[in-house]
Amino acid sequence: MKYYIVALFNKESYETIFPIQKNISKKFKGYRNSPIPHITLSILENPNIEKLTPVIEKILKPYKKFKIELDSDVSISEQLHSLTLQMEYRGYIKKIKTSLSDFLELNGFNDLIPADTELSISISNVNSSNKDNKRTDMYCDLIKKNPNKITLKIDRFEIWKFSNNRKETYIKSFPLRDF
């Protein structure tokens with residue numbers, strides 16, 4: 001079973017991103033039951049959750065809630081089988097991803113996402129037939145029309161396990177400190 005370490009946004013950020021998600025999912029014919037928008041940092045194959053939890057807590061302990069900026073590029077991630085929004089500003093999130101990859105490797109966990117992989121926001125899941133028929137260099141109109149950069153605030157990280165039952169998706173949450 002694959003477990004995912006993901007970054008999640010606060011409520012105001014989701015209010016901003018849901019119209020974008022709806023628009024993009026409709027254009028690409030994504031699945032309706034896709035998970036909420038998130039940033040996938042790591043994918044682990046059958047980890048020991050009791051050993052994994054202190055590693056993630058140690059990495060996230062010094063960090064406070066932080067912001068990222070959206071880019072207008074939409075692409076299809078072959079590895080995650082999802083539509084993704086690109087991010088312009090990657091400061092803290094890139095630093096956390098690098099630290100997480102290093103600590104997981106040192107503690108014997110096999111991260112299936114390479115450390116140098118570009119991070120993006122997963123919007124909707126797609127199947128292989130949709131990926132072949134659509135262009136990946138599409139721009140999102142809702143982002144382009146906004147004169148200011150759209151910023152989203154990350155307030156927690158979670159461990160997920162995808163299954164058919166949505167209640168079994170969430171495993172453990174790691175909230176970040178307030179400013």
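Hydrogens, waters and symmetry mates play no part in the numbers below; they use all other heavy atoms, side chains included.
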Query raised in the report: Taking side chain as C-beta onward, heavy atoms only, is L70 less than 4.5 Å from I20?
Result: yes
Query - Gap separating the CD1 atom of I56 from the NZ atom of K51, nearest 0.5 angstrom - result: 14.5 Å
Query raised in the report: From I49 CD1 over to K172 NZ, what is the distance, rounded to the nearest 0.5 angstrom?
Result: 10.5 Å
Query raised in the report: When you measure from the side chain of Y14 to the backbone N and O of P37, does any donor-acceptor pair fall under 3.5 Å?
Result: yes
Query raised in the report: Are the side chain of N46 and the backbone N or O of M1 linked by a donor-acceptor pair below 3.5 Å?
Result: yes
Query raised in the report: Does S13 reach the main-chain N or O of K153 with its side chain, forming a donor-acceptor pair under 3.5 Å?
Result: yes
Query raised in the report: Is the count of non-hydrogen atoms from other residues, nucleotides or ligands lying under 6.0 Å from E45 atom CD greater than 12?
Result: yes
Query raised in the report: Would you say V55 and L106 make side-chain contact, with heavy atoms under 4.5 Å?
Result: no
Requested in this report: Using only heavy-atom distances, determine whether the side chains of K94 and T98 contain a donor-acceptor pair under 3.5 Å.
Outcome: no
Query - Side-chain donor or acceptor of R156 paired with backbone N/O of S173 under 3.5 Å - result: no
Query raised in the report: When you look at I121 and L152, which way does the side chain to side chain contact (heavy atoms under 4.5 Å, CB included) test go after all the steps?
Result: CA-CA 11 Å; I121 302 169; L152 305 172; 3.7 Å; yes
Query raised in the report: When rounded to the nearest 0.5 angstrom, what distance separates NZ in K64 from CG in D155?
Result: 15.5 Å
Report task. Taking all non-hydrogen atoms of both residues into account, name the closest pair between E50 and N48 and its distance. Result -> OE1-OD1, 2.8 Å
Query raised in the report: Hey, does S42 have a side-chain heavy atom less than 4.5 Å from the side chain of T40?
Result: no
Query raised in the report: Do the side chain of E69 and the main chain of I150 share a donor and acceptor less than 3.5 angstrom apart?
Result: no
Query raised in the report: Quick one: CD1 on I5 to CG on D111, what's the gap to the nearest 0.5 Å?
Result: 7.0 Å
Report task. Using atom types as modelled and distance alone, determine if a side-chain donor or acceptor of R177 lies under 3.5 Å from a backbone N or O of P62. Result -> yes
Query raised in the report: How many angstroms lie between atom CG of L60 and atom OG of S99, to the nearest 0.5 angstrom?
Result: 9.5 Å
Requested in this report: Sort out for me which residue in F157, Y170, W160 forms a ring-ring contact (aromatic ring centres under 6.0 Å, His included) with H38.
Outcome: W160
Requested in this report: Can you see which heavy atom on M87 is nearest to which on I68, and at what distance?
Outcome: SD-CD1, 3.2 Å
Report task. Measure the shortest side-chain to side-chain distance between K65 and D178 over non-hydrogen atoms and say whether it is less than 4.5 angstrom. Result -> yes
Query raised in the report: With a 4.5 Å heavy-atom cut-off, do L52 and N107 have their side chains touching?
Result: no
Query raised in the report: Does the ring center of F66 lie less than 6.0 Å from the ring center of Y92?
Result: yes
Query raised in the report: Roughly how far, to the nearest 0.5 Å, is CD1 of I36 from CD1 of I123?
Result: 11.0 Å
Query raised in the report: Are Y4 and L44 close enough that some pair of their side-chain heavy atoms sits under 4.5 Å apart?
Result: no
Query raised in the report: I154 versus I39: any side-chain heavy-atom pair under 4.5 Å?
Result: yes
Requested in this report: Could you tell me whether the side chain of L104 reaches within less than 4.5 Å of the side chain of N110, counting heavy atoms only?
Outcome: no
